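Remarks on the structure that follows.
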Amino acid sequence: GAVVSQHPSRVICKSGTSVKIECRSLDFQATTMFWYRQFPKQSLMLMATSNEGSKATYEQGVEKDKFLINHASLTLSTLTVTSAHPEDSSFYICSAVQGTNQPQHFGDGTRLSIL
Amino acid sequence: KQEVTQIPAALSVPEGENLVLNCSFTDSAIYNLQWFRQDPGKGLTSLLLIQSSQREQTSGRLNASLDKSSGRSTLYIAASQPGDSATYLCAVPYNNNDMRFGAGTRLTVKP
């Protein structure tokens with residue numbers, strides 16, 4: 001089946017650090033990738049939609065300069081949390097889809113902790 | 001705007017019980033609905049995907065039903081086991097591939 005690899009699985013770093021999270025589709029070409037954020041005991045909230053070769057579309061309230069998304073190829077999207085602060089601590093999950101109206105395949109998530 | 005609601009928010013049952021988790025959505029114009037399992041601190045595991053033309057899907061002890069007209073889906077778990085303890089999320093597509101998730105039901109199955 002379709003596999004999405006997300007790396008790293010866990011990051012702990014100091015406030016002010018920029019953190020990059022990678023999302024790779026291993027056995028299919030992902031025309032679209034999604035980035036979600038999940039706070040404890042809450043559901044996933046979409047942050048942005050990323051299409052290969054174009055700028056990401058951000059949801060209302062998500063700062064595009066804070067959360068930089070790059071989707072340079074059909075198998076890789078990256079999310080960079082710039083100058084991270086403790087309030088950015090959360091669980092970040094990516095998903096990838098091939099084509100339209102197809103199921104999304106999710107990565108295992110990245111636990112980001114900013115000290 | 002699509003809103004997804006899951007009831008109950010938490011459920012605790014003894015091992016062996018059959019149980020039902022509920023999901024409702026406000027916009028019935030969906031082309032599928034998906035149920036996921038999430039273990040603490042982990043990503044999502046897809047359990048069942050029901051296409052809009054289907055009424056139900058079964059996988060092992062799991063059975064998911066879909067009633068588009070009423071905006072409801074249920075996940076039935078038969079003969080629950082402690083290993084079933086997790087958070088169960090339902091999700092529906094929204095705006096070209098985007099998905100809207102419910103807040104989940106945290107299930108605890110006691111040995």
Side-chain angles (χ1 to χ4, degrees), chain A residues 1-12 21 23-24 30-52 56-60 62 71 89-113, chain B residues 1-11 21-25 29-54 57 59 64 66 85-108:
Chain A
V3 177
V4 174
S5 173
Q6 190 172 338
H7 178 81
S9 59
R10 174 106 194 202
V11 179
I12 302 173
I21 303 170
C23 182
R24 294 180 183 272
T31 49
T32 305
M33 287 187 172
F34 301 90
W35 288 96
Y36 295 85
R37 182 174 182 175
Q38 186 179 33
F39 289 106
K41 296 186 178 181
Q42 295 187 26
S43 191
L44 281 72
M45 297 299 295
L46 180 68
M47 298 175 65
T49 302
S50 170
N51 293 297
E52 186 264 340
T57 302
Y58 290 82
E59 293 299 297
Q60 189 174 8
V62 178
H71 193 161
S89 298
S90 189
F91 192 58
Y92 295 86
I93 305 178
C94 73
S95 71
V97 63
Q98 184 177 34
T100 58
N101 295 349
Q102 296 299 314
Q104 292 185 25
H105 304 282
F106 287 82
D108 286 337
T110 297
R111 172 74 58 192
L112 176 61
S113 300
Chain B
K1 181 180 178 182
Q2 179 72 277
E3 294 184 1
V4 182
T5 304
Q6 289 187 247
I7 295 173
L11 180 63
L21 308 180
N22 298 289
C23 173
S24 61
F25 45 95
I30 62 171
Y31 54 86
N32 64 47
L33 181 144
Q34 205 162 355
W35 282 93
F36 296 88
R37 168 183 174 143
Q38 185 177 30
D39 291 289
K42 302 294 184 181
L44 304 182
T45 300
S46 179
L47 298 174
L48 290 165
L49 171 69
I50 311 177
Q51 299 292 349
S52 60
S53 59
Q54 298 174 319
Q57 277 283 341
S59 175
L66 174 63
S85 298
T87 295
Y88 291 81
L89 299 165
C90 73
V92 294
Y94 178 73
N95 273 353
N96 299 325
N97 282 328
D98 175 16
M99 294 184 79
R100 285 293 184 261
F101 285 82
T105 294
R106 293 190 305 280
L107 174 65
T108 302

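Each chain gets a letter, A, B and so on, in the order its sequence line appears, and its residues count up from 1. These figures come from a predicted structure and were not determined experimentally.
Counting heavy atoms from C-beta outward, A:Ile93 and B:Gln38 have side chains that approach closer than 4.5 Å.
Proximity to chain A (any heavy atom under 4.5 Å) is shown, for B:Leu44, by both the backbone and the side chain. In this structure, the portion of A:Leu46 lying under 4.5 Å from any heavy atom of chain B is its side chain and not its backbone.
In this structure, a donor-acceptor pair under 3.5 Å is absent between the side chains of B:Gln34 and A:Gln104.
Scanning all heavy atoms of the two residues, the minimum distance from B:Phe101 to A:Ser43 falls at CB-OG, 3.1 Å.
Each salt bridge (charged side-chain N to carboxylate O under 4.0 Å, His left out) pair with one or both residues in residues 90-113 of chain A, not counting sequence neighbours, would appear here, but there are none.
The salt bridge (charged side-chain N to carboxylate O under 4.0 Å, His left out) test applied to A:Glu52 returns no partner, not counting sequence neighbours.
For the atom pair CD (A:Gln38) and OG1 (B:Thr87), the distance works out to 8.0 Å, reported to the nearest 0.5 Å.
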